[in-house]
Each structure stands twice: as C-alpha cells, then as structure tokens.
Amino acid sequence: MVLDAIIERLSSPFIWIPLLFACVSILNSRITARKTTPKGLPWIGKSSGLFAETRAHISSFNNVRQWLGEGYKKYSQNGKTYIFPDFSGKPEVILPASEMRWLLDQPDSVLSVSELHDDILAGPYAFTDAHILKDPFHEHVIHKSLARRISPLIMDVWDEVGCALDDTWGTDTENWKEVCVFENMMNVIARISNRVFVGLPLCRNETYLKSMGAFAQDVMTTTILIRFVPKLLTPLFGRLFAIQNHLHHRQGAALSLPIIKERLANIRRKASDPGFLWEEPNDYLTWHIRLAQKENKLEELEPERISRRLLPINFAAIHTTVFTITNCLFDLLSPQAVKSTAETPMDVIRMEAQSNYFLAGGTWSKESLAHLTHSDSAVRESMRVSNFLTRGLLRKVVAKDGVENKKGGWRLPYGAYVGVDVHSIQHDDEIYENAAAFDAFRFARAREEEYSSDGSSTGGQTEKKSSLESKKLSLSTTSGTFLPFGHGRHACPGRFLVSHELKMLLTYATMHYEIEQLDTRPPNTWFGQHVIPDMKATIRVRRRKAEDIRL
C-alpha cells in the first residue's frame with residue numbers, strides 16, 4: 001500500500017532522477033541551511049572526510065536501527081545527548097530519558113509540535129491547504145470534546161465493529177476465508193473512525209471511505225517523495241506530488257459537504273426555534289461547529305474548511321491505528337505468542353470478553369471495557385515491541401534565540417529538531433524483562449500483581465490506590481517508558497477512542513470468529529525511520545457457529 005506505492009514510483013526507468021534529487025537535496029540543505037545543531041554534541045554514524053555530515057544523512061536510511069542502538073548504548077544510557085543524521089538532511093538532537101521532563105516542560109512558544117508536524121508532513125502540500133496543520137483547530141476540538149463525549153459513542157463503535165467485520169470477514173461457518181490483514185483493516189478502521197467523525201450513513205459509504213483511506217496513504221507517499229527534492233524545487237514538486245491528495249479531498253468533500261451544510265443549518269434553526277424536532281448528533285462535525293461558535297472562530301464555520309479538517313483526523317486515526325492493529329494481530333497469532341498448548345492468547349482474550357460482555361448484560365460501557373485487561377495488555381505490548389515510529393516526542397525549536405539546556409551545557413538554535421529514541425527505550429532490558437520478546441499479557445500480570453500486593457490491606461483507600469496504580473499500566477496511559485501515544489500535554493488526544501475501538505475489535509473478532517494461528521510471524525520492514533508491517537500478509541478466519549457464541 002504506502003510502501004508499495006513508493007516502491008512503484010521509485011522503480012521506474014527514471015530511478016536515477018529521484019536518487020539524484022535526494023543527494024542534491026541533502027547536499028543543498030547542508031550548504032544553505034542555517035546551523036540547527038548545538039556545537040560540541042557528538043554525532044552518531046558520522047565519519048571523517050569530505051562531506052561527512054552529508055554522507056551520514058544519506059547513509060542513515062539503511063542504518064537507522066544500528067545507529068539508534070549504538071547511540072542509545074554509548075550516549076542515552078549514560079545520560080548524554082547526541083545528534084542523529086536523518087535521511088531528510090535535517091539532523092535531530094536525541095535526548096536521554098533523563099532529559100525528557102525538560103523537553104516536555106518547554107512551552108509551545110519555545111518547542112513546537114505543530115510546527116514540526118507542518119515540516120515533516122509537508123503541511124502546505126500534503127494536506128491541501130497550508131492553514132490546516134499550521135493552526136490545528138481539529139486537534140483542539142478533539143482535546144476539548146472527545147474524552148467528555150466518548151461514553152455515549154461506545155455502543156455505536158461496537159455496532160460499527162460488528163458490521164465491518166461481518167461485511168468483510170463474512171458469516172460462513174463452514175469454510176475458511178483468507179483475509180489480507182492490512183488491506184482489510186484499512187477499511188474496518190476507516191469505518192469505525194468515521195462513525196465517530198461523521199456518523200451514519202456516510203461512515204459506510206465506500207466511495208467516501210476509499211477517498212479517506214487513499215488520502216491517508218498518499219500523505220505518507222507525498223511526505224517521503226518530497227524529501228527527494230531540493231528545497232528550491234519544493235514548491236513545484238510539492239504541488240505535483242500532492243495532486244492525488246487534492247483529488248481524494250474533492251472526492252470525499254463531494255459527499256461530506258452536503259452533510260456539513262445540513263448540520264450547520266439544523267444547528268442554526270435549533271438555536272432560533274427550540275421547538276424544532278431535531279436531535280443533535282454526537283460526532284466530530286457537531287463538536288467542531290459548537291466549539292467554533294463558542295470561540296467565535298468564523299473561518300472554522302465555513303463548510304469547506306470543516307471538510308478539510310476531516311483530512312488530518314482521518315490521517316491520524318487510520319494510518320497509525322491500522323499499523324497498530326495489523327502488528328497486534330500478527331503478534332498475537334505468531335507461534336512465539338503461545339505460552340502453553342492449553343490456550344492461545346486469542347483464547348484468553350475471547351474468554352475474558354465473553355465473561356465481561358455477559359456480566360454487562362450484552363452491552364459495553366467505559367466501566368465494562370476497563371475490565372478487559374488482557375486485550376488491553378495485548379495491544380499495549382504490541383505497540384511497545386512492534387513500534388512503527390523510531391523516534392518520538394519530536395519538537396521544533398521556534399524561539400528565535402533558541403533554548404538552553406543548562407544541565408547539558410548546550411543551546412538548541414532556532415529551527416532545530418529535538419526528541420527521544422522511542423524504539424530503544426521500549427526495547428531496553430533494564431526497563432522491560434526480555435524486552436525484545438512479545439509477551440501478550442505482560443501488563444495484565446503486572447496489574448494483577450499490583451492489585452494483589454495492595455489487597456492485603458483493608459479499606460477504601462487501598463482499593464483506590466490499586467485502581468490508580470492499575471490505570472498506569474493501561475493502554476491509554478502514557479509514561480516515560482511507553483511512548484507510542486507521546487507523553488505530556490501533547491499526548492495523542494485520540495488515544496482513549498483508539499483504546500476502546502481496538503479492544504472492542506479484538507473482542508468481537510475472537511467472540512464471533514475462529515482465527516487460525518500463523519506458522520511464522522510476517523516480518524516488519526525497516527524503511528528509513530519507519531517500521532512497516534507486512535502489507536500483503538494474510539490470516540484465515542471462519543465464523544463461529546451460533547451455539548459457540550455465548551452472549
């Protein structure tokens with residue numbers, strides 16, 4: 001999909017052109033760019049000789065894994081900061097874990113997430129409008145609304161999970177069906193996410209879903225291809241590469257704009273006529289309109305602007321969540337995941353799901369979903385060990401005078417990129433026992449042990465403490481050693497929804513389907529700074545007979 005599209009474009013007879021552009025781009029950026037790294041900090045992967053930094057940036061594409069490992073052992077574990085040469089030609093300052101708090105405490109006027117996203121995701125081109133990532137109002141809406149509005153949406157999500165899997169995995173109880181996991185999950189996750197974003201019936205419109213899924217993929221294609229172009233030519237080639245992105249938006253907007261306009265009209269009419277018989281939908285469109293009205297953001301009430309805001313939230317929801325669930329299924333179905341011949345991890349997840357669904361009376365709530373500790377643990381563990389991003393908590397220095405780290409004795413200049421090595425932290429044997437291995441119920445056991453150790457005392461305070469400690473190990477909780485959702489005030493605002501939808505997806509899949517274990521886990525591919533799951537790998541599924549589904 002994403003990787004295939006990139007390979008297809010780069011495997012043309014003119015492969016030397018983008019490769020030449022890449023080298024020229026990096027060389028040009030090294031010659032013309034303002035110095036964005038502190039003096040005196042060591043580099044990883046940089047040798048001596050002519051154009052040493054340029055050669056390091058070019059070589060980093062195939063050496064990310066090795067160099068991060070070396071940098072972590074040599075510098076990060078010893079509390080030292082170093083410089084990593086990214087293939088884009090932009091060096092990154094990698095902080096040790098001991099400096100993470102310093103990083104997170106910096107105000108947005110000093111270290112900016114949105115400015116960094118605008119840079120690395122080619123915001124002026126890939127998202128069809130330069131304003132979208134520069135002023136991420138959509139993130140503001142999610143921050144303000146999602147956590148408070150999620151409870152009434154849980155059964156809607158459950159309904160969509162069931163419909164999506166029934167439609168794509170089928171209801172045949174006799175024959176096995178082969179399913180391409182990545183391709184299938186692109187459709188399933190797009191449906192589930194858009195049930196929350198735009199509601200029924202648009203969330204099931206195949207044309208709309210394909211446009212949003214294709215847009216999410218082409219953002220990554222555009223972002224990567226644009227790195228092959230010298231900065232002077234970026235305005236030209238950025239627009240050319242993003243033609244597909246504009247087409248996907250137009251295709252999606254043709255379907256979303258009528259709904260957006262109708263929603264705006266109904267909200268206005270309800271405000272002027274309280275007797276108007278219309279129930280306001282609980283979805284992103286409503287949240288966006290209501291917050292824009294409250295904050296008097298008139299430009300954010302333009303239907304065209306709202307339709308464009310659906311692009312980045314679809315990109316964030318689809319792209320990362322599909323990678324996550326694809327990896328999770330591969331991890332759970334791999335031979336290495338089976339600890340005994342008695343039951344597989346999928347069996348454990350199924351039994352837990354059936355028990356809690358039955359106890360909850362055939363419904364789900366935030367409280368009942370919180371009891372799915374084994375599915376929660378399985379997803380969290382997969383996100384830890386099968387991470388798809390290698391560096392995280394990345395920020396761009398936007399303070400004109402830079403920012404000083406007194407403890408380290410260095411100053412980051414304006415324009416510098418700074419972050420931490422997420423991959424190495426999450427694969428550190430000093431933090432996680434046997435860190436390289438997928439242990440599906442690692443966090444579930446830790447939560448049980450925490451509860452058990454506190455359970456020896458009596459009284460409400462003990463139960464409250466156990467509950468709080470247990471929540472620290474849940475999927476949606478970030479920490480300095482679990483960073484797929486980021487950490488601090490800019491942690492992913494959609495992680496609570498992702499947590500619920502992935503647990504419900506595993507729950508429905510195991511309760512209603514037999515899923516055949518894999519002979520081997522499809523290997524992930526390191527592609528520059530990304531770790532990509534096998535996009536062609538398949539699993540075999542078969543609908544359980546009605547008498548085997550205990551509700």
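Everything quoted here is computed from the prediction, not taken from an experiment. Along the sequence shown, residues carry numbers from 1.
Between the side chains of T390 and Q529, no donor-acceptor pair is found at a separation under 3.5 Å. There is a side-chain donor-acceptor pair under 3.5 Å between S382 and D331. Checked by atom type, the side-chain pair S479/H487 shows no donor-acceptor distance below 3.5 Å. At a cut-off of 3.5 Å, with distance as the only test, no side-chain donor of H131 or R308 sits close to an acceptor on the other residue.
Listed by chain and number, the residues in a side-chain hydrogen bond (donor to acceptor under 3.5 Å, both in side chains) with N266 amount to none (sequence neighbours excluded). Annotation: side chain to side chain contact (heavy atoms under 4.5 Å, CB included) contacts of A317 (sequence neighbours excluded): S193, F197. For E279, there are no side chain to side chain contact (heavy atoms under 4.5 Å, CB included) partners at least two apart in sequence or on another chain. For R290, the side chain to side chain contact (heavy atoms under 4.5 Å, CB included) criterion is met by I267, E280, T286, Q293, not counting sequence neighbours. Scanning for side-chain hydrogen bond (donor to acceptor under 3.5 Å, both in side chains) contacts around H530 gives an empty result, with sequence neighbours left out.
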(message) Go through it in stages, so that I can follow the logic: the residues are S474 and T477, the test is side chain to side chain donor-acceptor pair (under 3.5 Å), and I'd like the CA-CA distance, side-chain angles, deciding distance and then a yes or no.
(response) CA-CA 6 Å; S474 70; T477 303; 2.9 Å; yes
(request) Would you check, one step at a time, whether the test salt bridge (Lys or Arg N to Asp or Glu O under 4.0 Å) holds for E178 with R540? (result) CA-CA 4 Å; E178 195 163 8; R540 297 212 313 159; over 6 Å; no
(request) Give the intermediate values and the outcome of side chain to side chain contact (heavy atoms under 4.5 Å, CB included) for residues V64 and F87. (result) CA-CA 9 Å; V64 172; F87 181 70; over 6 Å; no
(request) Any chance you could lay out the salt bridge (Lys or Arg N to Asp or Glu O under 4.0 Å) test for R391 and D421, step after step, and finish with the verdict? (result) CA-CA 5 Å; R391 281 98 75 194; D421 174 2; over 6 Å; no
(request) Determine, stepwise, if the pair D86 / S60 fulfils side chain to side chain donor-acceptor pair (under 3.5 Å). (result) CA-CA 6 Å; D86 186 66; S60 73; 5.3 Å; no
(message) Apply side chain to side chain donor-acceptor pair (under 3.5 Å) to residues N524 and D534 and explain how you reach the verdict.
(response) CA-CA 6 Å; N524 287 3; D534 190 328; over 6 Å; no
(request) Just do the salt bridge (Lys or Arg N to Asp or Glu O under 4.0 Å) check on K90 and D119 with the steps written out, would you? (result) CA-CA 11 Å; K90 183 79 172 182; D119 279 3; 5.8 Å; no
(request) Give the C-alpha distance, both sets of side-chain angles, the deciding distance and a yes or no for side chain to side chain contact (heavy atoms under 4.5 Å, CB included) between R543 and W169. (result) CA-CA 8 Å; R543 182 77 170 194; W169 287 18; over 6 Å; no
(request) Begin with the C-alpha distance, continue with both residues' side-chain angles, and end with the deciding distance and a verdict on side chain to side chain contact (heavy atoms under 4.5 Å, CB included) for L111 and D108. (result) CA-CA 5 Å; L111 297 182; D108 295 343; over 6 Å; no
(request) Could you walk me through whether H248 and M212 pass side chain to side chain contact (heavy atoms under 4.5 Å, CB included), step by step? (result) CA-CA 7 Å; H248 298 320; M212 292 297 102; over 6 Å; no
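Across every non-hydrogen atom of L103 and L393, the tightest pair is CD2-O, 3.5 Å. Here the shortest heavy-atom pairing between V157 and V196 reads CG2-CG2, 3.9 Å. Looking at every heavy atom in both residues, N314 comes nearest to Y208 through ND2-OH, 4.0 Å. When all heavy atoms are compared, the tightest approach of W364 to M155 is N-SD, 3.2 Å. Nearest approach of R191 to C163, heavy atoms of both residues: NH2-CB, 3.4 Å. Between W67 and P85, the shortest heavy-atom distance links the atoms CZ3-CG, 3.7 Å.
Around atom NZ of K210, no more than 12 heavy atoms belonging to other residues, nucleotides or ligands sit under 6.0 Å away.
For R263 (side chain) and I289 (main-chain N/O), no donor-acceptor pair under 3.5 Å exists by modelled atom type. Proximity of a side-chain donor or acceptor of K177 to a complementary backbone N or O of T168 within less than 3.5 Å is detected. Side chain of E160 to main chain of R195: no donor-acceptor pair is present (N/O by atom type, distance under 3.5 Å, no hydrogens or angles). With hydrogens and angles disregarded, a donor-acceptor distance shorter than 3.5 Å links the side chain of S272 to the backbone of R269. In this structure, S499 contributes its side chain and R495 its backbone to no donor-acceptor pair below 3.5 Å. At least one donor-acceptor pair closer than 3.5 Å links the side chain of N63 to the backbone N or O of S59. Checked by atom type and distance alone, the side chain of S375 pairs as donor or acceptor with a backbone atom of L372 at under 3.5 Å. Under the 3.5 Å distance criterion, the side-chain polar atoms of D376 are matched with a main-chain donor or acceptor of L475. With hydrogens and angles ignored, the 3.5 Å screen pairs a side-chain donor or acceptor of Y513 with a backbone N or O of G170.
Ring geometry for Y508 against H512 counts as parallel: the plane angle stays under 30°, on a 0 to 90° scale with 60° as the upper cut. Using a 30° and 60° split on the angle between ring planes, F315 and H319 fall in the parallel class, below 30°. Ring pair F127/F215 is perpendicular by interplanar angle, where above 60° counts as perpendicular and below 30° as parallel.
Checked for salt-bridge contact, K536 and E183 miss the test: no charged N lies under 4.0 Å from a carboxylate O.
Atom CZ in F388 sits 8.5 Å away from atom CG in N327 (nearest 0.5 Å). Distance CG/L310 to CZ/R305: 13.0 Å, rounded to 0.5 Å. With rounding to the nearest 0.5 Å, the separation of CG in N194 from CG in N205 is 10.0 Å. Summarising the geometry, atom CG belonging to D156 is positioned 10.0 Å from atom CG belonging to D283; distances are rounded to the nearest 0.5 Å. Put simply, CE on M220 and CD1 on I532 are 7.5 Å apart, with the number rounded to the nearest 0.5 Å. Rounding to the nearest 0.5 Å places NE2 of H423 at 13.0 Å from CG of L483.
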In a table with atom names and distances, give each donor-acceptor pair under 3.5 Å that connects a side chain of residues 140-147 to protein atoms at least two apart or in another chain.
residue	atom	partner	partner atom	Å
H140	NE2	E295	OE1	3.2
H140	NE2	E295	OE2	2.7
S145	OG	V141	O	3.1

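Taking 4.5 Å as the limit, every side-chain heavy atom of S114 sits out of range of all side-chain heavy atoms of L133.
Geometrically, R395 does not engage Y417 in a cation-pi contact, judged by NZ or CZ lying under 6.0 Å from the ring centre and within 45° of the ring axis. Cation-pi geometry between R521 and F330 is not met: the NZ or CZ atom fails to fall both under 6.0 Å from the ring centre and inside 45° of the normal.
Side-chain rings of Y125 and F237 stay apart, their centers remaining 6.0 Å or farther from each other.
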